[in-house]
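Just so it is clear: chains get the letters A, B, ... in the order the sequence lines come, proteins before strands, and each one is counted from 1.
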Amino acid sequence: MKLKVMPELPEVETVASGLAKHIVGLKITDVRVNLPKLINLKPALFRKSLLGRRITAVRRRAKVIIIELSRSKRIERIKRNNLNQINRLDQLTEYLVIHLKMSGQLMYLRPADSVQKHTHIIITLSNGRHLRFRDQRQFGYVRFYDRAGFESFLAEHSFGPEPLDGFSLSDFRELLKSRPHSKIKPLLLDQTFIAGIGNLYADEILFYARVHPLKPAGRLKPVEVKDMYVGMQKILRKAIKERGSSVELYVDADGRPGNYVRYIKAYDREGKPCLKCGRKIIRIKIGSRSAYFCPKCQPR
DNA sequence: CGATTCCCCTGATAGC
DNA sequence: TGCTATCAGGGGAATC
């Protein structure tokens with residue numbers, strides 16, 4: 001089976017949470033960059049910016065992995081000076097921001113593990129392990145930001161709400177009202193509209209709710225909006241539980257493949273029978289993206 | 001402002 | 001066999 005699964009919210013969540021349990025608390029002891037165009041600083045400065053930093057958290061926003069760093073020396077000095085300034089500590093936080101785009105992988109490995117083709121960045125940690133960034137298509141990136149730079153990054157992207165983070169049905173209704181003329185599928189893929197959904201999960205959500213991908217958001221019936229909301233919650237949560245979907249390109253932080261691929265009902269199933277009605281799933285192009293759906297269950 | 005198109009890149013695949 | 005053309009796709013940039 002040759003399913004090209006790109007990292008979306010569940011996959012990125014799996015990578016971030018998997019990494020967190022291994023690398024939080026460790027320091028960065030070495031940095032090697034083989035493909036400088038994937039980073040945002042000159043390699044020497046990038047390396048210098050990271051050396052000695054301690055990893056304090058790993059989290060996800062939209063499809064982006066955020067590794068929080070602290071400069072231990074400065075934090076220790078503030079503590080020693082007995083300054084009661086938590087806000088100051090916050091200002092000193094620095095960030096590694098990683099986007100996997102289509103084919104990126106971020107893996108926690110032993111130094112002895114063979115360096116696979118397309119490994120572009122190797123970060124050595126204080127326990128001797130490696131954090132390696134691979135990306136066959138070179139669309140991904142790894143960026144270093146100080147607090148201000150990170151704030152700018154977030155501001156420039158203006159990501160929409162996280163669908164699983166206190167996002168209610170009425171939030172979804174209101175959001176849809178803001179873009180009544182947009183086709184629903186491209187809207188689900190728009191990261192400024194809602195964060196983290198990509199081509200696979202968008203198709204699965206629309207299939208679940210029996211909604212045609214070209215339907216304008218403003219023409220969705222209330223029951224369709226509700227079904228999309230419920231489907232979004234169920235599908236994304238189930239996919240996280242199953243460690244995402246993966247077959248070939250995407251591997252989680254421990255190198256283990258995800259299991260959600262078993263539950264996929266529409267995506268990449270062109271010509272195969274719809275699991276609800278038996279009709280063949282069709283594929284159309286919307287913009288330059290494929291959309292897979294059942295023409296009978298998801299009528300226009 | 002929103003919608004659309006092009007482009008980054010490599011590897012799989014088709015056609016000859 | 002081995003070449004070349006085509007395609008896939010997240011999202012940024014340019015264009016209308």
Checking B:dG2, C:dG11, B:dG11 against the side chain of A:Arg179 (C-beta onward), the nearest is B:dG2

With the side chain defined as heavy atoms from C-beta on, A:Ser182 is closest, among B:dG2, C:dG9, C:dG11, to B:dG2

Sub-3.5 Å donor-acceptor pair from the side chain of [X] to the main-chain atoms of [Y], do we have one?
X	Y	value
A:Arg269	A:Lys265	yes
A:Glu204	A:Ile235	no
A:Arg61	A:Phe159	yes
A:Glu68	A:Ala57	no

Output the rounded distance in Å from [atom1] ([X]) to [atom2] ([N]).
X	N	atom1	atom2	value
A:Leu214	B:dA3	CG	P	13 Å
A:Gln191	C:dG12	CD	P	8 Å
A:Lys285	B:dC6	NZ	P	13 Å
A:Ile65	C:dG10	CD1	C1'	14 Å
A:Leu187	B:dG2	CG	P	10 Å
A:Leu189	C:dA8	CG	C1'	15 Å
A:Asp135	C:dA8	CG	P	20 Å
A:Ile286	B:dG2	CD1	P	19 Å

Side chains of A:Ile66 and A:Val58: does their closest heavy-atom pair fall under 4.5 Å?
-> no

Whether A:Asp113 and A:Arg132 form a salt bridge (side-chain N of Lys/Arg under 4.0 Å from carboxylate O of Asp/Glu) is what I want to check. no

Lys/Arg-Asp/Glu bridge criterion (N-O < 4.0 Å) met for A:Asp30, A:Arg47: yes

If each end axis of the helix from B:dG2-C:dC16 to B:dC16-C:dG2 is fitted on five C1' pair positions, the angle between them, to 10 degrees, is 50°

Could you go over nucleotides 4-6 of chain C and give all protein N or O partners under 3.5 Å, atom names and distances?
none

Mind telling me whether A:Phe150 and A:Phe153 have parallel, tilted or perpendicular rings, with 30° and 60° as the class edges? parallel

Q.
Using 30° and 60° as the class boundaries, would you call the ring planes of A:Phe172 and A:Phe167 parallel, tilted or perpendicular?
A. perpendicular

Exactly one candidate in A:Arg147, A:Glu151, A:Arg143 meets side chain to side chain donor-acceptor pair (under 3.5 Å) with A:Tyr95; the answer is A:Arg147

Give a yes or no on this: more than 12 heavy atoms of other residues, nucleotides or ligands lie within 6.0 Å of atom NZ of A:Lys285.
yes

Check the interface with nucleotides 7-9 of chain B: list each N/O to N/O pair with the protein under 3.5 Å, or write none.
from	atom 1	to	atom 2	distance (Å)
B:dC9	OP1	A:Lys37	NZ	3.4
B:dC9	O4'	A:Arg137	O	3.4

Nearest-nucleotide check on DNA chain B, A:His181 vs A:Lys117; residue mapping nearer the 5' end is A:His181

Are OP1 or OP2 of [N] and a side-chain N or O of [X] less than 4.0 angstrom apart?
X	N	answer
A:His99	C:dG10	no
A:His157	C:dG11	no
A:Lys183	B:dA3	no

*Given A:Ser152 and A:Tyr145, is the side-chain hydrogen bond (donor to acceptor under 3.5 Å, both in side chains) satisfied, shown in steps?*
CA-CA 9 Å; A:Ser152 304; A:Tyr145 291 118; over 6 Å; no

